[in-house]
A.B. asks: 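This is the structure I want to talk about, given as structure tokens.
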Amino acid sequence: MAVLLLAEHDNATLNDATAKTVTAAAQMGGDIHVLCAGSDCGAVAAEAAKLSGVTKVLCAKDPAYGHDLAEPLADLIVSLAGDYDHIVASATTSGKNVMPRVAALLDCMVISDISGVHSADTFERPIYAGNAMATVQSTDAKKIITVRGASFDVAAMDGSAAVEEIGAVANPGLSEWVEDKVVESNRPELTSAKIVISGGRGMGSAENFELVDKVADKLGAAVGASRAAVDSGYAPNDYQVGQTGKVVAPELYIAVGISGAIQHLAGMKDSKVIVAINKDEEAPIFQVADYGLVADLFDALPKLESAL
Amino acid sequence: MKVLVPVKRVIDYNVKVRVKADQSGVDLANVKMSMNPFDEIAVEQAIRLKEAGQVTEIVVVSIGVEKSQETLRNALAMGADRAILVKAVDNVEDDVEPLTVAKILKGIVDEEQPGLVIMGKQAIDNDMNATGQMLSALMGWSQGTFASGLELTDGSATVTREVDGGLQVIKIPTPCVLTVDLRLNEPRYASLPNIMKAKKKPLEVKEPGDYGASVEKRLTIVKVEEPPARKAGVMVGSVEELVEKLKTEAGVL
Ligand SMILES: Cc1cc2nc3c(=O)[nH]c(=O)nc-3n(C[C@H](O)[C@H](O)[C@H](O)COP(=O)(O)OP(=O)(O)OC[C@H]3O[C@@H](n4cnc5c(N)ncnc54)[C@H](O)[C@@H]3O)c2cc1C
Ligand SMILES: Nc1ncnc2c1ncn2[C@@H]1O[C@H](COP(=O)(O)O)[C@@H](O)[C@H]1O
């Protein structure tokens with residue numbers, strides 16, 4: 001019994017999501033081998049080797065793996081699959097892109113976005129935007145899984161696994177990377193931040209979103225947004241929290257000018273403490289909030305900034 | 001070029017989901033069903049490509065119960081040309097797993113030979129986000145997932161993808177599978193005359209066996225439960241009170 005775990009990284013640092021996925025993998029039983037595939041991922045492999053519970057790191061360096069393209073990565077994983085009962089990755093956009101492809105190549109179903117591990121073959125996952133929790137048992141020979149980071153803690157960094165270099169497999173040449181349009185930010189990452197403050201359509205404009213940014217700076221918080229705010233161009237797409245965006249579970253989540261549609265709640269309702277600021281006392285967001293404040297955000301946010 | 005668009009009939013996104021008391025699943029009897037919102041975006045994209053002269057025919061396909069015909073008619077009313085219903089289950093509560101859907105779709109793709117398959121990134125019922133990637137794998141094609149931008153040129157697609165860090169642009173050869181994200185376009189409503197016209201558009205009814213596929217389940221549902229409820233919160237009167245409570249009561253500041 002062994003688990004192959006796909007590391008997520010940008011060739012420089014290991015994503016926090018990987019450390020959470022290790023925690024889930026440890027509950028599946030068996031050795032955990034981490035696969036680091038990238039253009040130049042030696043440093044990342046060394047970092048992955050420290051993850052508690054990891055017994056081996058496989059490091060595949062090749063330009064073909066430099067941009068998380070699904071086709072070459074899936075072929076590499078499939079070439080290694082023979083030795084493993086479980087193949088897992090984080091339920092990030094990268095994991096969701098590659099793992100169903102791996103599963104189909106192995107004639108297995110993929111078990112997407114699991115939030116709990118009951119046993120080696122039985123898992124819990126949210127369905128219907130988190131309005132129901134399904135417990136599913138897999139009859140596949142291999143379990144191909146993506147793991148919801150918000151549901152697992154990060155593994156400790158007290159291990160010392162061996163790193164083994166492995167060769168690349170033939171590049172199927174099915175896709176070509178053109179460019180990444182990444183917004184650089186000094187704020188913590190949305191999915192690993194302890195505090196998240198999100199703005200919705202109520203913010204009214206991209207300029208007004210600065211009111212959220214200022215509070216975030218005071219709190220050292222990450223900034224998120226509702227779909228309506230992203231669609232309206234107030235915030236970039238990778239800020240979206242929800243059923244079809246990112247799932248977060250910080251210590252504190254502050255929703256400002258967000259009505260609380262189920263699709264938004266799906267991405268934040270497991271936060272430890274939820275604060276809602278909305279001028280409409282009937283807004284559904286108040287039903288999940290621990291602390292609700294009925295107020296105009298243009299009045300409340302500057303006050304909040306100075307009170308902190 | 002022909003485009004294939006798979007559309008799924010799902011619970012309407014506005015309907016409040018009810019978990020059944022016997023924990024066997026979600027109550028889908030007598031609830032409003034609609035086309036999966038992402039699939040509307042996929043259909044819209046296909047229509048726009050046709051309007052731009054890059055596509056000649058749009059074939060929509062749905063795999064599920066007989067009633068999925070309604071969803072297909074809706075896609076035809078939006079502007080698709082013809083439809084295929086693959087009757088795979090009798091009970092609306094029997095969801096067809098992405099691997100099975102992908103295998104049936106492969107059979108259809110082999111027969112229809114489309115230059116492009118455009119589908120939703122995720123069905124809002126099972127939230128799997130898998131079928132497009134699986135079909136692409138079974139075909140040995142390229143995949144352009146979570147697309148918020150698309151440019152088709154001779155023999156290739158330049159796809160802007162919504163990813164965790166922002167956007168990624170890739171270039172892939174056609175034929176390929178694209179899965180669409182929310183911001184690719186805004187789907188149109190079907191006009192009344194088009195709804196009437198759609199009734200006369202061809203709709204074939206098939207079975208999985210026609211494509212050499214069978215409906216299997218790899219995941220057994222052990223139980224379906226309500227998520228844990230959050231305990232009731234309190235309303236605060238001012239920003240000062242809020243900050244005070246977050247510091248002392250909640251201990252998160
Ligand atoms: C398939 C699908 C997937 C989706 N996925 C997501 C998702 O992942 N994430 C997501 O967020 N949504 C998602 N949605 C959209 C979701 O259904 C809602 O439309 C969206 O969340 C609404 O965003 P909002 O709350 O910002 O806007 P609105 O619902 O318009 O709410 C704005 C709120 O701001 C308040 N407000 C206005 N002005 C002020 C002011 N001055 N001061 C204080 N309060 C003010 C109003 O009272 C209102 O409650 C999805 C929808 C579909 C169909
Ligand atoms: N039963 C089905 N019939 C037609 N299309 C489907 C079906 N199931 C999934 N799809 C397509 O696959 C996409 C992703 O679904 P899923 O992988 O289930 O999240 C959907 O948006 C549809 O385009």
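In what follows, chains are A, B, ... by sequence order, proteins preceding strands, each numbered from 1. Just so you know, these numbers come straight off a predicted model, no measurement behind them.
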A.B. asks: Please report the closest heavy-atom contact between A/Asp231 and B/Arg183, naming both atoms and the distance.
C.D. replies: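 Between these two residues, the closest heavy atoms are OD1-NH1, 2.7 Å.
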A.B. asks: So, taking the atom named OG1 in B/Thr179 and the one named NZ in A/Lys96, what distance separates them when rounded to the nearest 0.5 Å?
C.D. replies: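 The distance works out to 11.0 Å.
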A.B. asks: Under a 4.5 Å cutoff for heavy-atom pairs, which residue among A/Ala289, A/Cys108, A/Ala266, A/Pro236 has the most contacts with chain B?
C.D. replies: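 Ranked by contacts with chain B, first place is A/Cys108.
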A.B. asks: Does atom NZ of B/Lys20 have more than 12 heavy-atom neighbours, drawn from other residues, nucleotides or ligands, at distances under 6.0 Å?
C.D. replies: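 For B/Lys20, atom NZ is crowded (more than 12 foreign heavy atoms under 6.0 Å).
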A.B. asks: If you look at every heavy atom in B/Glu162 and A/Thr93, which pair is closest and at what distance?
C.D. replies: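 The pair with the smallest heavy-atom distance is O-CG2, 3.8 Å.
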A.B. asks: Kindly give the heavy-atom pair with the smallest separation between B/Lys121 and A/Thr244, and that separation in Å.
C.D. replies: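 Between these two residues, the closest heavy atoms are NZ-O, 2.8 Å.
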A.B. asks: If contact means a heavy atom pair closer than 4.5 Å, which residues of residues 137-149 of chain B contact chain A?
C.D. replies: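 Only B/Ala137, B/Leu138, B/Gly140, B/Trp141, B/Ser142, B/Gln143, B/Thr145, B/Phe146 of residues 137-149 of chain B have a heavy atom under 4.5 Å from chain A.
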A.B. asks: Rounded to the nearest 0.5 Å, how far apart are OG1 of A/Thr135 and CD of B/Glu225?
C.D. replies: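 The CD atom of B/Glu225 is 5.5 Å from OG1 of A/Thr135, to the nearest 0.5 Å.
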A.B. asks: Taking atom NZ of B/Lys171 as the centre, does the number of heavy atoms from other residues, nucleotides or ligands within less than 6.0 Å exceed 12?
C.D. replies: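 It does not: B/Lys171 NZ has 12 such atoms or fewer within range.
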A.B. asks: Identify which part of A/Lys269 has an atom lying under 4.5 Å from any heavy atom of chain B, answering side chain, backbone, both or neither.
C.D. replies: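 Both parts, backbone and side chain.
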A.B. asks: Between A/Asp270 and chain B, with a heavy-atom cut-off of 4.5 Å, which part of the residue counts as in contact: side chain, backbone, both or neither?
C.D. replies: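 Only the backbone of A/Asp270 comes within 4.5 Å of chain B.
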A.B. asks: What part of B/Phe38 lies closer than 4.5 angstrom to a heavy atom of chain A: side chain, backbone, both or neither?
C.D. replies: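 Only the side chain of B/Phe38 comes within 4.5 Å of chain A.
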A.B. asks: Do the side chains of B/Gln122 and A/Gln243 get nearer than 4.5 Å, heavy atoms only?
C.D. replies: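 Sidechains of B/Gln122 and A/Gln243: in contact.
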A.B. asks: Identify the two heavy atoms, one from A/Tyr128 and one from B/Asp127, that lie closest to each other, and give their separation to 0.1 Å.
C.D. replies: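 That would be N-OD2, 3.6 Å.
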A.B. asks: Less than 4.5 Å apart, side chain to side chain, heavy atoms only: is that true for B/Leu253 and A/Leu219?
C.D. replies: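 A side-chain contact under 4.5 Å exists here.
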A.B. asks: Using a cut-off of under 4.5 Å for heavy-atom pairs, which of A/Asp290, A/Leu69, A/Asn97 has the most such pairs with chain B?
C.D. replies: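 Looking at each of A/Asp290, A/Leu69, A/Asn97 in turn, A/Asn97 comes out on top.
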A.B. asks: Going by residue number, which parts of residues 92-108 of chain B are within reach of chain A, meaning a heavy-atom gap below 4.5 Å?
C.D. replies: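 Residues in range: B/Glu97, B/Pro98, B/Leu99, B/Lys103.
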A.B. asks: Most heavy-atom pairs under 4.5 angstrom with chain A, which of B/Ile124, B/Val243, B/Val10, B/Asn14?
C.D. replies: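 It is B/Ile124.
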A.B. asks: Of the backbone (N, CA, C, O) and the side chain (C-beta and beyond), which part of A/Arg125 lies under 4.5 Å from a heavy atom of chain B, both, or neither?
C.D. replies: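 Contact with chain B is through the side chain of A/Arg125 alone.
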A.B. asks: Report which part of B/Arg161 has an atom under 4.5 Å of a heavy atom belonging to chain A: side chain, backbone, both, or neither.
C.D. replies: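 When you check distances to chain A, only side chain atoms of B/Arg161 fall under 4.5 Å.
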A.B. asks: Can you tell me which of A/Arg227, A/Met99, A/Gln263 forms the most heavy-atom pairs within a distance under 4.5 Å of chain B?
C.D. replies: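 Heavy-atom pairs under 4.5 Å are most numerous for A/Arg227.
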A.B. asks: What heavy-atom pair brings B/Val19 and A/Asn131 nearest, and what distance separates the two atoms?
C.D. replies: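 Nearest heavy atoms, B/Val19 then A/Asn131: CG2-O, 3.9 Å.
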A.B. asks: Relative to chain B, which segment of A/Glu184 carries a heavy atom at a distance below 4.5 Å: side chain, backbone, both, or neither?
C.D. replies: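 Neither part; nothing is under 4.5 Å.
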A.B. asks: Flag the one option from A/Ile262, A/Asp10, A/Asp107 with the top tally of heavy-atom pairs under 4.5 Å to chain B.
C.D. replies: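 Top option by heavy-atom pairs under 4.5 Å: A/Asp107.
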A.B. asks: If I measure from the heavy atoms of chain B, does A/Leu293 come under 4.5 Å with its side chain, its backbone, both, or neither?
C.D. replies: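 Both the backbone and the side chain of A/Leu293 come within 4.5 Å of chain B.
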A.B. asks: What residue in B/Ala123, B/Gly165, B/Ala250, B/Pro228 has the most heavy-atom pairs under 4.5 Å with chain A?
C.D. replies: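 Most heavy-atom pairs under 4.5 Å with chain A: B/Gly165.
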A.B. asks: Specify the closest pair of heavy atoms between B/Asp125 and A/Ile127, including all atoms of both residues, with the distance to one decimal.
C.D. replies: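 Taking B/Asp125 first and A/Ile127 second, the nearest heavy atoms are O-CB, 3.6 Å.
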A.B. asks: Return yes if some donor-acceptor pair links the side-chain N/O of B/Arg230 with the main-chain N/O of A/Gln287 below 3.5 Å, else return no.
C.D. replies: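 Not confirmed, B/Arg230 side chain does not pair with A/Gln287 backbone.
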A.B. asks: Of all of A/Val110, A/Val98, A/Ile195, which one pairs up most often with chain B through heavy atoms under 4.5 Å apart?
C.D. replies: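 When all of A/Val110, A/Val98, A/Ile195 are compared, A/Val110 has the most.
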A.B. asks: Tell me, out of B/Leu135, B/Val236, B/Ile172, who's got the most heavy-atom pairs with chain A below 4.5 Å.
C.D. replies: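 Answer, by heavy-atom pair count under 4.5 Å with chain A: B/Val236.
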A.B. asks: With a sphere of 6.0 Å drawn around CZ of B/Arg18, does it hold more than 12 non-hydrogen atoms of other residues, nucleotides or ligands?
C.D. replies: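 It does not: B/Arg18 CZ has 12 such atoms or fewer within range.
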A.B. asks: Look up atom CG in B/Asp164 and atom CG in A/Asp68, then write down how far apart they are to the nearest 0.5 Å.
C.D. replies: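 Reported value, rounded in 0.5 Å steps: 10.0 Å.
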A.B. asks: Considering heavy atoms only, which positions within residues 300-308 of chain A lie below 4.5 Å of chain B?
C.D. replies: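 A/Ala300, A/Lys303, A/Leu304, A/Ala307, A/Leu308, listed by number.
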A.B. asks: In terms of heavy-atom pairs under 4.5 Å, which option from B/Leu246, B/Thr158, B/Asp181 contacts chain A the most?
C.D. replies: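 Heavy-atom pairs under 4.5 Å are most numerous for B/Leu246.
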A.B. asks: Given heavy-atom pairs under 4.5 angstrom as the criterion, report whether the side chain, backbone, both or neither of A/Val102 touches chain B.
C.D. replies: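 Neither part.
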A.B. asks: For the backbone of B/Gly166 and the side chain of A/Asn237, can you confirm whether one donor and one acceptor N or O come within less than 3.5 Å of each other?
C.D. replies: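 Judged by distance alone, yes, a pair lies under 3.5 Å.
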A.B. asks: With a 4.5 angstrom heavy-atom cut-off, is it the side chain or the backbone of A/Thr191 that approaches chain B, or both, or neither?
C.D. replies: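 Contact with chain B is absent: no heavy atom of A/Thr191 under 4.5 Å.
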A.B. asks: Is it the side chain or the backbone of A/Phe286 that comes within 4.5 Å of chain B heavy atoms, both, or neither?
C.D. replies: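 The answer is the side chain of A/Phe286.
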A.B. asks: For chain A, which of B/Lys247, B/Glu244, B/Glu249 has the most heavy-atom pairs under 4.5 Å?
C.D. replies: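 The answer is B/Glu249.
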A.B. asks: Between B/Pro173, B/Gly25, B/Ser136, which shows the greatest number of heavy-atom pairs under 4.5 Å with chain A?
C.D. replies: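 It is B/Ser136.
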A.B. asks: When you measure from the side chain of B/Gln168 to the backbone N and O of A/His67, does any donor-acceptor pair fall under 3.5 Å?
C.D. replies: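 Answer holds: yes.
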A.B. asks: If I take atom CZ from residue A/Arg101 and atom CD from residue B/Gln133, how far apart are they, to the nearest 0.5 angstrom?
C.D. replies: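 These two atoms lie 9.5 Å from each other.
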A.B. asks: Can you tell me which of A/Val183, A/Thr92, A/Asn15 forms the most heavy-atom pairs within a distance under 4.5 Å of chain B?
C.D. replies: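 Going by pairs under 4.5 Å, I would pick A/Thr92.
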A.B. asks: Residue by residue, which of residues 213-224 of chain B have a heavy atom closer than 4.5 Å to a heavy atom belonging to chain A?
C.D. replies: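 Residues in range: B/Lys217, B/Arg218, B/Leu219, B/Thr220, B/Ile221, B/Val222, B/Lys223, B/Val224.
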A.B. asks: What part of A/Leu190 gets within 4.5 angstrom of chain B, counting heavy atoms only: side chain, backbone, both, or neither?
C.D. replies: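 For A/Leu190, no heavy atom lies under 4.5 Å from chain B.
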A.B. asks: Where on B/Val26 is there a heavy atom nearer than 4.5 Å to chain A: the side chain, the backbone, both, or neither?
C.D. replies: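 Just the side chain, heavy atoms under 4.5 Å.
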A.B. asks: Please classify the contact between A/Asp113 and chain B as side chain, backbone, both or neither, with a heavy-atom cut-off of under 4.5 Å.
C.D. replies: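 For A/Asp113, neither part sits under 4.5 Å from chain B.
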A.B. asks: Are there over 12 heavy-atom neighbours, none belonging to A/Lys194, within less than 6.0 Å of that residue's NZ?
C.D. replies: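 Open.
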